Amino acid sequence: MQLTTPGLRLIPEAVLADNAALFRKIPETPSHHDRSLHRVVIVGGGAGGLELATRLGRRFGKGRLSVTLVDRNRTHIWKPLLHEVASGALSASHDAVEYIAHASRNRYRYRIGEVVGVDRLKRQIFVAPSFDDDGRQIIPPRVLGYDTLVMAVGSLSNDFGTPGAALHAIALDTAEQAALFNRRMIDACLRANAQYEQLTPGQLHCVIVGAGATGVELAAELHKSMREIASHNLDNIDFEKLIRITIVEAGSRILPALPEQMAQASARLLIKLGLQIRCGIKVTEVTQEGVRLGEKLFVPAELVVWAAGIKAPDFLTTLDGLATDPINRLIVDETLRAVGDEHVFALGDCANCVLPGEERALPPRAQTAHQQADHLVKVVAARLAGKAAPPFRYRDYGSLVSLADYGAFGSLIGGLKIEGLLARLVYRSLHKMHLKAVHGLTKTALASIGEMIARRARPRIKLH
Ligand SMILES: Cc1cc2nc3c(=O)[nH]c(=O)nc-3n(C[C@H](O)[C@H](O)[C@H](O)COP(=O)(O)OP(=O)(O)OC[C@H]3O[C@@H](n4cnc5c(N)ncnc54)[C@H](O)[C@@H]3O)c2cc1C
């Protein structure tokens, strides 16, 4: 099954720019909701949106609320797993949640499609048409009504317009991109093994742009996976000598958003593994042959991953006048309501939420999206009861970084430092918490046991 609605990106930019005119001619889809109920529409079924739809559906879906989740994909995968998909440690289809089945089990509706605009006056969202692989339309453009709208569309990596980055670097924003990187990595290993006498500069070299948690964790995963691929009968060349992984970071150190001690411990481990770390230098261009650093330096590389910085999807800046920040995030108040519209809320990576007394917006992390999803359940309950929305309180439970099987470091609430197996277990528990929110405790426990057994029967990494 396709993970993404095929052809959605066939919609020409010009049509997208003229959304309002196009969609205002289309009547609202009549069977969309029971009009006697308060209609909650959640756009984006990611880390936060899926948890919110599940909880609202379970709690209010029987006759009190009409809950609809709209996502452009047919399946959900928890984004922090994407670097494992990229390295082959995990198969994207394996951990995916099928929205259709999940929705019917949890009393919410799921509608596939890419949301491209909003009419705030009529309280309607515009959903782009979807097409099959042959370009035939599956679902026409639709207009869905709402009483409460929650935008939970996440973020994309931000290449800051760096020349060549969009063309030659792969970002890890979607399961497709992660799977594409994985195929390219396997191909690179097979090609190098076949061309053993004529290797070119940069062959089997990988540059990861950005040393945040994503870049650093990916680097460690790739270090392990590329060697593992090579250990499966690829014996024409000495992969150990030829594989080179370089992390490039414009800031002064790796893991700039995490405590210094964690960054130092991670850097020590990566250097011990033989990875190269270049901090304090900017990538100025990405080409087919590699990456230009600053004015003069060029690092040849067959594989380039862009993991530096994020921005929210561009269409948020055209949501009928809603305020956004310079990286397209919707500006929300302390209840998570979009500034200027009492019916629109936002959560997770696409929300800019600066809580009272704080100077900076909450970090774009899974734990932020998770806590905000919890909070919006209370907000919707308050709206149903005709009460004022409560303020959101954020609790920073700490940070964790997991470097494949080599090590893990964490700094938990109260400054507690953990590492090794304990850090890895806490790291894994974050995913389990998401699964529990989405599937409930029993199913999560059963799936975990099943996964432990299945792991023994298949190779540690995907080899195709
Ligand atoms: C490789 C990687 C590793 C990460 N590791 C960690 C980690 O270890 N710890 C941590 O805390 N955070 C981590 N993060 C960040 C974390 O994944 C995000 O903060 C979190 O997923 C944000 O949740 P969200 O609900 O806001 O958005 P997302 O989980 O990104 O979900 C957004 C959803 O919206 C859908 N969507 C987007 N646009 C549209 C549209 N126009 N119409 C319909 N649907 C749309 C998408 O299909 C997606 O399902 C990582 C991120 C990446 C990429």
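Order of listing sets the numbers, starting from 1, for every ligand and every atom in it. Residues take their numbers from the sequence shown, with the count starting at 1. Here the structure is a predicted model, which means the values were calculated and not measured.
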Check the side chains of T68 and R39 for a donor-acceptor pair under 3.5 angstrom, ignoring hydrogens and angles.
->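 No - no donor-acceptor pair under 3.5 Å links their side chains.
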Establish, from distance only, whether the side-chain atoms of R383 and H343 form a donor-acceptor pair under 3.5 Å.
-> yes
Under a 4.0 angstrom heavy-atom cut-off, which atoms of ligand 1 come close to [X]?
X	result
G45	33 (C), 49 (O)
F315	41 (N)
Y427	8 (O)
G348	26 (O)
G48	25 (O)
N73	47 (O)

Look at ligand 1 and say whether [X] reaches it with a heavy atom at a distance under 4.0 Å.
X	answer
Y99	yes
A213	no
A373	no
E114	yes

Considering residues, nucleotides and ligands other than L121, do more than 12 of their heavy atoms fall under 6.0 Å from its CG?
-> no
Within 6.0 angstrom of Q261 CD, more than 12 heavy atoms from elsewhere =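 Result for CD/Q261: open.
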Spell out, as yes or no, whether a donor-acceptor pair under 3.5 Å connects the side chain of R107 to the backbone of R58.
->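 A pair under 3.5 Å: yes.
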Which part of [X] is near ligand 1, with near meaning a heavy atom under 4.0 Å away: side chain, backbone, both or neither?
X	answer
D349	both
T214	side chain
P80	both
A366	both
W78	neither

Start with the C-alpha distance between H38 and F60, add both sets of side-chain angles, then the distance that settles ring-ring contact (aromatic ring centres under 6.0 Å, His included), and finish with yes or no.
-> CA-CA 10 Å; H38 184 96; F60 301 112; 9.8 Å; no
Compare all side-chain heavy atoms of S448 with those of H431 and state whether any distance is below 4.5 angstrom.
->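 Of all side-chain heavy-atom pairs linking H431 with S448, none is under 4.5 Å.
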Could you check H434 against H370 for side-chain contact (heavy atoms from CB on, under 4.5 Å), going step by step and ending with a plain yes or no?
-> CA-CA 8 Å; H434 175 66; H370 172 74; 5.8 Å; no
Pair K122-D320, salt bridge (Lys or Arg N to Asp or Glu O under 4.0 Å): steps then yes or no = CA-CA 11 Å; K122 290 189 183 163; D320 219 3; over 6 Å; no
